[in-house]
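Presented below is the structure to which this report refers.
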Amino acid sequence: MAELSQLAEAVAGVREPEVKALVQEKLQAGVPAPDVLAECNQGMIELGNRFAREECFLPELMFGGMVMKTVMAELQPHLDGVQTKGTAGIAVLGSVQHDVHDIGKDLVVMMLRGSGFEVVDLGVDVPPAKFVDAIREHRPQVVGMSVLLTTCYRSVTETVDAIKAAGLRDQVKLMVGGAAASSLLAEKTGCDFYGKTAVDGAKYAGGLVGAG
Ligand code: B12
């Protein structure tokens with residue numbers, strides 16, 4: 001495994017003061033905000049691996065999530081700096097039913113807003129019917145589902161099926177992402193696109209409205 005940067009290691013170790021100081025240091029040194037985020041993501045992945053190896057426990061995982069949210073709040077204005085004029089399009093985002101992970105989903109929301117999209121954020125544990133209602137109400141060009149738990153694959157399928165049953169499938173593009181997602185999942189569930197990162201998602205959405 002590639003060696004972690006000092007910042008990624010601090011995130012993985014859930015050392016909040018060190019994380020905050022390093023983020024500040026990097027921003028002041030002119031490191032682009034998306035690169036700072038990418039390092040923090042590496043740290044979160046390592047934290048998850050430590051959890052899987054039982055080297056840390058649920059409270060650390062939860063605290064890690066809180067630290068990451070603080071970092072995102074800090075980076076938000078720097079990502080907004082790339083905001084384009086007007087509204088590029090409309091996007092609906094949510095973490096699928098039974099999944100309460102929202103850090104990655106929030107990053108996609110941030111990136112989309114940063115590139116001029118109006119984003120309807122449905123939050124976490126979103127039932128298929130809520131996605132359907134949001135498509136009817138907001139007429140988005142793209143819907144994004146975030147899934148971090150392999151036990152939630154079925155929620156992705158059920159969401160796509162509900163959109164089809166409502167007769168709305170032809171009106172929207174569907175993208176899926178999150179640590180449990182893959183191109184295979186996108187293919188099997190009938191999504192149009194799998195985004196490995198929030199940036200991939202924003203690029204795909206931008207491409208749909210001619211802003212990519
Ligand atoms: C933090 C965390 C938590 C926090 C979540 C806090 C929060 N507010 O989100 C808490 C403590 C609540 C939590 C709970 C649980 N967790 Co958890 N968690 C994590 C951890 C460590 C980090 C996730 C994270 O935020 N990563 C950082 C973000 C930025 O990454 P990301 O979400 O993947 O998003 C990136 C891309 O995937 C992409 N992306 C994400 N969504 C989307 C959507 C679209 C459309 C696109 C294009 C892109 C995209 O963009 C982002 C960056 O570019 C992961 C480890 C991991 N490897 O993912 C485990 C992990 C996901 N959790 C896991 C588990 C098992 C659980 C629990 C079941 C634990 C328990 N025993 O209770 C519960 C489940 C709760 C539930 N019902 O959802 C497992 C899942 C295993 C599996 N195969 O299913 C993991 C992988 C840890 C592990 N290795 O065991 N967790």
Side-chain angles (χ1 to χ4, degrees), residues 1 4 7-8 11-14 19 33-73 75 79 91-112 114-115 117 119-127 131 140-156 159-160 172-183 185-186 189 191-208 212:
M1 193 195 71
L4 290 180
L7 175 55
V11 171
V14 201
V19 172
D35 294 353
V36 179
L37 262 183
E39 276 188 52
C40 294
N41 284 354
Q42 279 306 116
M44 289 302 284
I45 290 167
E46 174 58 17
L47 177 60
N49 293 340
R50 288 179 191 177
F51 175 73
R53 295 195 299 263
E54 296 186 3
E55 291 168 15
C56 73
F57 300 97
L58 201 55
E60 274 116 311
L61 214 57
M62 292 173 79
F63 194 47
M66 285 154 68
V67 171
M68 191 69 187
K69 295 234 161 182
T70 318
V71 170
M72 283 161 65
L75 294 176
L79 293 164
V92 165
L93 259 294
S95 299
V96 296
Q97 189 162 34
H98 307 304
D99 198 327
V100 304
H101 296 85
D102 65 356
I103 297 170
K105 184 264 299 166
D106 287 355
L107 274 177
V108 183
V109 170
M110 270 167 62
M111 295 305 301
L112 283 170
S115 51
F117 269 82
V119 183
V120 181
D121 182 357
L122 300 177
V124 298
D125 187 13
V126 182
F131 278 103
Q141 287 84 8
V142 62
V143 171
M145 289 168 274
S146 185
V147 56
L148 273 88
L149 299 173
T150 47
T151 49
C152 289
Y153 284 165
R154 183 187 288 193
S155 302
V156 179
T159 305
V160 177
V172 282
K173 292 291 183 189
L174 303 179
M175 60 178 181
V176 65
S182 61
S183 311
L185 178 76
T189 54
C191 291
D192 299 294
F193 179 72
Y194 157 65
K196 189 170 166 53
T197 67
V199 174
D200 293 341
K203 276 192 187 153
Y204 174 70
L208 294 175

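Ligands are counted one by one from 1 in listed order, and the atoms in each one are counted from 1 as well.
Using 4.0 Å as the threshold, Leu107 has a heavy atom nearer than that to some atom of ligand 1. Heavy-atom separations between Lys196 and ligand 1 include at least one value shorter than 4.0 Å.
Just one of Leu148, Val147, Asp121 meets the side chain to side chain contact (heavy atoms under 4.5 Å, CB included) condition when paired with Lys105; it is Asp121. For the side chain to side chain contact (heavy atoms under 4.5 Å, CB included) with Met175, the qualifying choice from Asp200, Val143, Val142 is Val142, the only one to do so.
A 4.5 Å side-chain heavy-atom check between Met72 and Leu37 finds at least one atom pair inside the cut-off. For the pair Val126/Phe131, a side-chain contact is recorded, criterion being any heavy-atom separation below 4.5 Å from C-beta on. Residues Val92 and Leu122 are in side-chain contact: their nearest non-hydrogen atoms beyond the backbone lie under 4.5 Å apart. Under the 4.5 Å side-chain criterion, counting only non-hydrogen atoms from C-beta, Ile103 is in contact with Lys69. The shortest side-chain heavy-atom distance between Val172 and Pro140 falls under the 4.5 Å cut-off. The closest side-chain heavy-atom distance from Phe117 to Val109 is not below 4.5 Å.
Residue Glu55 qualifies as enclosed at atom CD: its count of foreign heavy atoms under 6.0 Å is above 12. Within 6.0 Å of the NZ atom in Lys196, the count of heavy atoms belonging to other residues, nucleotides or ligands does not exceed 12.
Among the atoms of Gly48, some N or O lies under 3.5 angstrom from an N or O of ligand 1. For ligand 1, the polar-atom distance check against Val100 finds a nitrogen or oxygen pair separated by under 3.5 Å. Annotation: His98 places an N or O atom under 3.5 Å from an N or O atom of ligand 1; distance criterion only. The shortest N/O to N/O separation between Ala198 and ligand 1 falls below 3.5 Å. Any N or O atom pair closer than 3.5 Å counts here, and Ser146 shares at least one such pair with ligand 1. For ligand 1, the polar-atom distance check against Asn49 finds no nitrogen or oxygen pair separated by under 3.5 Å.
Closest to atom 46 (C) of ligand 1, if we only count protein heavy atoms, is Gly177 CA, 3.6 Å. Of the protein's heavy atoms, Phe51 CZ, 4.3 Å lies nearest to atom 71 (N) of ligand 1. The closest protein non-hydrogen atom to atom 11 (C) of ligand 1 is Met62 CG, 3.2 Å. Looking at atom 35 (C) of ligand 1, its nearest protein heavy atom turns out to be Gly104 CA, 4.2 Å. Closest to atom 72 (O) of ligand 1, if we only count protein heavy atoms, is Leu58 CD2, 4.0 Å. Atom 33 (O) of ligand 1 has Ala179 N, 3.4 Å as its closest protein atom, hydrogens excluded (heavy atom only). The closest protein non-hydrogen atom to atom 39 (N) of ligand 1 is Gly178 N, 3.4 Å. The single protein non-hydrogen atom nearest to atom 82 (C) of ligand 1 is Thr150 OG1, 3.6 Å, given as residue, atom name and distance.
Numbered from 1 in the order shown, with element, the atoms of ligand 1 that lie under 4.0 Å from a heavy atom of Gly201 read 47 (C). Numbered from 1 in the order shown, with element, the atoms of ligand 1 that lie under 4.0 Å from a heavy atom of Met44 read 1 (C), 21 (C), 22 (C), 25 (O), 26 (N), 27 (C). Taking a cut-off of under 4.0 Å to the non-hydrogen atoms of Gly195, the atoms of ligand 1 that pass are 46 (C), 47 (C), 48 (C). Close contacts between ligand 1 and Asp99 involve ligand atoms 78 (O) [criterion: under 4.0 Å to a heavy atom]. For ligand 1 and Asp102, the ligand atoms under 4.0 Å from any heavy atom of the residue are 7 (C), 8 (N), 9 (O).
Atom OG1 of Thr150 sits about 10.5 Å away from atom CG of Leu185, to the nearest 0.5 Å. The line from CG of Asn41 to CD of Glu39 is 10.5 Å long, rounded to the nearest 0.5 Å. In this structure, His101 NE2 and Leu149 CG are separated by 5.0 Å, a value rounded to the nearest 0.5 Å.
Put simply, the side chain of Asp192 gets close to the backbone of Leu174: a donor and an acceptor are under 3.5 Å apart. Proximity of a side-chain donor or acceptor of Asp99 to a complementary backbone N or O of Asp125 within less than 3.5 Å is not detected. Side-chain atoms of Tyr153 come within 3.5 Å of backbone N or O of Ala180 as a donor-acceptor pair.
The proximity of Val108 to ligand 1, defined as any non-hydrogen pair under 4.0 Å, is limited to the side chain. If you look at Asn41 next to ligand 1, the close heavy atoms, those under 4.0 Å, all belong to the side chain.
Residue nearest to atom 19 (C) of ligand 1, selected from His101, Met68, Lys203: His101 (by heavy-atom distance). When the heavy-atom distances from atom 79 (C) of ligand 1 to Leu149, Val142, Leu112 are ranked, the shortest goes to Leu149. Within the set Asp125, Leu61, Ile103, Leu148, the minimum heavy-atom distance to atom 23 (C) of ligand 1 is found for Leu148.
Within a 4.0 Å radius of atom 67 (C) of ligand 1, the protein contributes no heavy atom. Closer than 4.0 Å to atom 85 (C) of ligand 1 lies none of the heavy atoms of the protein. Taking a distance limit of 4.0 Å, we find that atom 13 (C) of ligand 1 is approached by some protein heavy atom.
For the pair Ser146 and Gly178, the tightest heavy-atom approach, listed with the atom from each and the gap, is OG-CA, 4.4 Å.
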